[in-house]
Each structure stands twice: as C-alpha cells, then as structure tokens.
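Inspection log for the structure reproduced underneath, given as structure tokens.
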Amino acid sequence: MKRKTNVKVVTAGIFIATFMSAIEGTIVTTAMPTIVGSLHGIEIMNWVFSIYLLTNAMITPIYGKLADKIGRKPIFIVGILLFVLGSALCGMSNEMLTLIIARAIQGIGAGAIMPVSLTIIADLYDLEKRAKVLGLTSAAWGIASVFGPLAGGLIVDTVGWHWIFFINVPIGLGLIGLLQYFFVEEKKNHQAKKMDILGSLFLMLTLLSLLLGFQLLGDEGLSLAVGALFIASVLALVFFIQTEKRAVDPVINLKLFSNQTFASVNIVAALISGFLMGLDVYIPMWMQGVLGKPAGVGGLVLAPMSIVWMYGSFLSGRLLRKYSVKWILIVGLTIILLGGGTLLALPQQSPFWLFFIITGVLGVGYGLSITTTTVEAQASVPKEEIGVATSFNTLSRTIGQTVMVALFGIILNVANSRQLIKAGISDLDIMNRLINPHTAIQIELELRTELHKILFDSLHWVYLAGLLLIIFALIFSFMVGKPARRVKLEK
C-alpha cells in the first residue's frame, strides 16, 4: 500500500522549522554582547546579522524556482540541512570573521525555509484552511519575538553562547528525518529544460547590490559606495530582464507581472511589511526613549500584535470564502491605517496600557492583510508556478522591510539632528544614551525631559512616513481584480 503524506505531522514540522529560523534573529541579538566579548571584532559585529539577511534574501527566489522544478521536499530538506550546517559552524567559530561566514551559510539555508514551507502549505490545504495554518506560522514568529530574548539570556548564562547555535543541530536533523518519512510528494516530471543559471546570477547580484546599498544608506547615509551599489543593482536588473526574455525556462517568468492581481498584492505586501519595521523597531524605542521603560517592555508591548495576528489570519480564511480579495485587503489596510493614525495622534504622556490596545488592533489588520496577499499571490498563478510566486511574495516583504528600515533610520536621524541643533545641544550622540535605560539615568533630569520631547517629535515623522506607505497600499489594493483564476503562462 502506497504511503500518503501525514498532513498533521508535516504541518507540525513546518511550524517547528519556521520557529527555528524565526527565533534565530532574536536569540542572537540577546547573545551578541557576550559573543563580541568572546570573539572580539566589535567593528564588524553588524555583519553577523546583515550577512544572514542578505544571503537569505538573495537565494529565496532561486529556491522557489527549484521547488517548482525539482520538488518541495528535496529543496526544503536541503535548506534545513544547510541551516543546520551553518548553525554547527557558528557554534564552533573561534573568531568573528569565521562566525560571519558561517552565518552566511545559515542564511542560505534559511532562505528555503519560509518560501518552501508556504508552498507546501498551499499544496496541502484549500484556501480557508490554508489561511488558518498561515496564522499558526505567523504565531511562530510572534512567539519567537517574545521567547527568543528569554531563551538567549538563559542559554548564555548557563551552557554558553555556542549552544544558541548548536541547539539547532538536533532539531534540524530530527526535522529532516520527520519530513523524509511523513512527507510523500509526487515525483516531478523533470523537464529537459536547463536551469536558468545566468538569470539566477543576475537576480542574486541585483538583490545583493540593492539590499546592501540600502543597508549602508541606513548606517552611513549617502556615500560613493552606496551610489555604486545602487547603479550596480540597476545594471544587474537590466541584464536580468534581458536574460529572462531569452531564457527557455526563466527563474522568474516575467509574464507573472502582467497579472495585475499578482503584481498588486506583492506591492501591498512590500509596503505594509515596510511599515511593520516602523512598529517592530520604533515602538520599543518609544517605550525606552520617551516613556523611560525597561528594555524588555518594548517586546512585551508588541506581543498583542503577534498574538492577535493569528486571529486575523483565521478571520481571513473565513472571509475569503464569502468576499473578494480586494474587499478583505481594504478592510485589513484600513485597520492598519487606524492603528498607525492613532500612534501619530498620541500625546507624549500617553498611558502605557494604551499601546497594548493599539498593537492588538494592528495585529488584526496585519493578520488579514499579509495572509490575504500570500494566499492570493499563490492563487493568481498556475499550479506549476506556485513555488516561484510564493518565494517572490516572501522576497517582496523582505525588500520592503530592508528598504524602509534604512529610510526610517534616515528620517529619525535627520529629525533628531535638526531638533538638537535648534535646542543648542551639540552632543548628537546623546540620543543613543537616551534610548538605553542604563545610560539614560546618567543624563540630568531637565535635559532628559527635553530629549524625551525631541525623540517623541522625531518618531512622529517616522509614523507619518509609515502612514503614507499604508495609503499607497490602499491605492494598490483597489487594483486587485476579482477572485483570481489560474491562467496558463505561455512563454
């Protein structure tokens, strides 16, 4: 008797894999001071995070194509295996450069986990159930954001920082065994078409130049290196488009973008993911730098958004059965606009508990919107293109986050600098001390009160920019057509 996929076990495996990759960011952040103390190299420590995100984003669309061409199971297992290998090498690192190289390998593996897991979910579940399962995977990210710092601190204080990486090895190997036995995938009819190697290289070069350019822009501002990277990204994109037009089996079929619904939902996903960075990064800063709360409070305030996000995803599944994608997106984006507008309108001395309500409201909006864009990106393309469509949707969100975290940083720094100069404060580094509760108390009370006001006003410029993103997302949501029909994409 032929074995069948155990849907529940595979879904549990996907949840564990998602959680394993999601917690990596928060747990490493907590352990970073200890790692730097052990390995030194504080001047390059940012690359421990950056290289992981860069390699992750670069490889994501390639995995999507391979998942369609070869199969979900082998690509998912390869991704987990590379993640495990990178984790083991991270744990064995004895200098910062070695750790950065190992993190690059880990990022290459992680690039498969998110898009391929979402593609498998699309294969296993219909629209309504799919949205519910996507809600559970969203919850994995939320749980990781709260649990990661606690776990990181505990591991570092007990068995040592190496084990924040080593712990992934048995979990990852167990997952591979689980998927190998319980996930039964129909064999793909391997086509004789060659893999689009040249197109893949130009695509990775485009993404590397673009994302690295925005990262440097956020860190250093405009520079010759930033300009060169942006020019390189444009040139690589031009070569990529020309290559794809001639490719027998392109890594991304450009005809996907002639589908107005597919293009629109991905633009919406990128825009609202950009605003999400304004919440994840700057609400904790608001808590610490304006209200003077402890560092852990920032993550606590964001917890309702992560929890209620899951409810929004479940609600999306039910609504997709009855209403159009356009209507659901408009409702979800309006809720996000309401939450973001409330943040913009809050007075400086707002009660702490009010932020729990606001982030909860935002969670409903994000659960509705992100889930709907993911499901519709998959539903608007032929079945043989689902892997590519899912990976591009994941990539759109990554690009939105990378670009906007850089631009928000520039907006905040410019606003802070102008107000500090206007107030006659020459020490521009003082804002860094303000947002750290340990150093903020060293600033005299009268000056600290003035700095709270300056940071509060600067954050309002960030949220104003964020609201513009949501308004643009609403405009693009009106371009989403009727419930998508799978249309054959011909070369």
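Once rounded to the nearest 0.5 Å, the distance linking CG of L254 with CZ of F240 reads 6.0 Å. Residue L474 holds its CG atom at 6.0 Å from CG of L337, rounded to the nearest 0.5 Å. Taking CE of M92 as the start and OG of S87 as the end, the distance is 10.5 Å to the nearest 0.5 Å. The distance from atom CZ of F76 to atom CG of L66, rounded to the nearest 0.5 Å, is 15.0 Å. One distance of note links CG of L212 with OG1 of T402; it measures 11.0 Å at 0.5 Å rounding. Separating the CG atom in L201 from the CE atom in M58 is a distance of 9.0 Å, to the nearest 0.5 Å.
For W327, the side chain to side chain contact (heavy atoms under 4.5 Å, CB included) partners two or more places apart in sequence, or in a different chain, are L319, Y323, S324, V331. Considering only residues two or more places apart in sequence or on other chains, V78 meets the side chain to side chain contact (heavy atoms under 4.5 Å, CB included) condition with L82. Checked against side-chain hydrogen bond (donor to acceptor under 3.5 Å, both in side chains), T394 has no partners two or more places apart in sequence or in another chain. Take T372 and apply the side-chain hydrogen bond (donor to acceptor under 3.5 Å, both in side chains) test, not counting sequence neighbours, and it matches S316. By the side chain to side chain contact (heavy atoms under 4.5 Å, CB included) test, L178 pairs with V9, F182, sequence neighbours left out. A263 pairs by the side chain to side chain contact (heavy atoms under 4.5 Å, CB included) definition with nothing, not counting sequence neighbours. Residues forming a side-chain hydrogen bond (donor to acceptor under 3.5 Å, both in side chains) with N266 (at least two apart in sequence, or on another chain): N393. A search for side-chain hydrogen bond (donor to acceptor under 3.5 Å, both in side chains) contacts involving S391 returns nothing, not counting sequence neighbours.
In this structure, the side chains of M114 and T60 stay at 4.5 Å or more apart for every pair of heavy atoms. Looking at heavy atoms from C-beta onward, L320 lies in side-chain contact with V375 at the 4.5 angstrom threshold. Using a 4.5 Å cut-off on side-chain heavy atoms (C-beta onward), R397 and I272 make no contact. Side-chain contact between S223 and L216 is absent, with no heavy-atom pair separated by less than 4.5 Å. For the pair L315/I328, no side-chain contact is recorded, criterion being any heavy-atom separation below 4.5 Å from C-beta on. Contact check for T373 versus L329: side-chain heavy atoms found under the 4.5 Å cut-off. In this structure, F165 and R103 have side chains that are in contact, with non-hydrogen atoms separated by less than 4.5 Å. Annotation: side chain of L54 is not in contact with side chain of L207 (no heavy-atom distance under 4.5 Å).
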List the steps, then state whether side chain to side chain contact (heavy atoms under 4.5 Å, CB included) holds for L343 with I283. CA-CA 9 Å; L343 282 174; I283 284 184; 4.2 Å; yes
Side chain to side chain contact (heavy atoms under 4.5 Å, CB included) assessment of Y366 paired with L279: CA-CA 12 Å; Y366 269 101; L279 303 172; 3.8 Å; yes
Pair V388-K65, side chain to side chain contact (heavy atoms under 4.5 Å, CB included): steps then yes or no: CA-CA 5 Å; V388 170; K65 182 63 179 181; 3.8 Å; yes
Are V251 and L203 close enough, and set up right, to give a side chain to side chain contact (heavy atoms under 4.5 Å, CB included), and what steps lead you there? CA-CA 9 Å; V251 64; L203 178 58; 4.2 Å; yes
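Between W163 and F166, the angle of the ring planes goes over 60°, which puts this pair in the perpendicular group of the 30/60° scheme. The aromatic rings of F257 and F392 stand perpendicular to each other, their planes meeting at an angle above 60°, with 30° marking the opposite boundary. F239 and F202 have parallel rings, their planes meeting at less than 30° on a 0 to 90° scale where 60° marks the start of perpendicular.
For R72 (side chain) and A67 (main-chain N/O), a donor-acceptor pair under 3.5 Å exists by modelled atom type. In terms of modelled atom types and a separation under 3.5 Å, the side chain of E244 and the main chain of N253 share no donor-acceptor contact. Formation of a donor-acceptor pair under 3.5 Å by the K73 side chain with backbone atoms of F183 is found in this model. With hydrogens and angles ignored, the 3.5 Å screen pairs a side-chain donor or acceptor of S258 with a backbone N or O of K255. Side-chain N or O atoms of T261 include none that pairs as donor or acceptor with a backbone N or O of V480 at under 3.5 Å. No donor-acceptor pair under 3.5 Å is formed between the side chain of T371 and the backbone N or O of L368. No donor-acceptor pair under 3.5 Å is formed between the side chain of Q106 and the backbone N or O of I101. Although no hydrogens or angles enter the test, the distance criterion places a donor-acceptor pair under 3.5 Å between the side chain of Y282 and the main chain of G409. Side-chain atoms of Y63 never come within 3.5 Å of backbone atoms of G387 as a donor-acceptor pair (strictly under, hydrogens ignored). Side-chain atoms of T98 do not come within 3.5 Å of backbone N or O of N94 as any donor-acceptor pair.
Counting only residues at least two apart or on different chains, no side chain to side chain donor-acceptor pair (under 3.5 Å) pair has a member in residues 330-339. Applying the ring-ring contact (aromatic ring centres under 6.0 Å, His included) test to pairs two or more places apart or on separate chains, none has a residue in residues 78-116. Residue pairs that meet the ring-ring contact (aromatic ring centres under 6.0 Å, His included) test with at least one member in residues 213-232, sequence neighbours left out, are F214-F230. The side chain to side chain donor-acceptor pair (under 3.5 Å) contacts involving residues 201-213 comprise nothing, where partners must be two or more places apart or lie in separate chains.
Other residues, nucleotides and ligands place no more than 12 heavy atoms under 6.0 Å from the CZ atom of F476. Heavy atoms from other residues, nucleotides or ligands lying under 6.0 Å from CZ of F15 number more than 12. Within 6.0 Å of CD1 in I167 there are 12 or fewer heavy atoms belonging to other residues, nucleotides or ligands.
In this structure, A465 and F408 approach most closely via the heavy-atom pair CB-CE2, 3.9 Å. Heavy atoms only, all atoms of each residue included: G172 and V84 are closest at CA-CG2, 3.5 Å. When all heavy atoms are compared, the tightest approach of I59 to I108 is CG2-O, 3.6 Å. Between S21 and I113, the shortest heavy-atom distance links the atoms OG-CG2, 3.8 Å. Of all heavy-atom pairs between L469 and G274, the closest is CD1-C, 4.0 Å. Here the closest non-hydrogen pair linking L89 and S93 is O-OG, 2.8 Å.
Annotation: cation-pi pair R130/Y125 absent, no NZ/CZ under 6.0 Å from the ring centroid and within 45° of its normal.
Side-chain contact of Q401 with S273: a donor-acceptor pair under 3.5 Å is absent, judged by distance alone.
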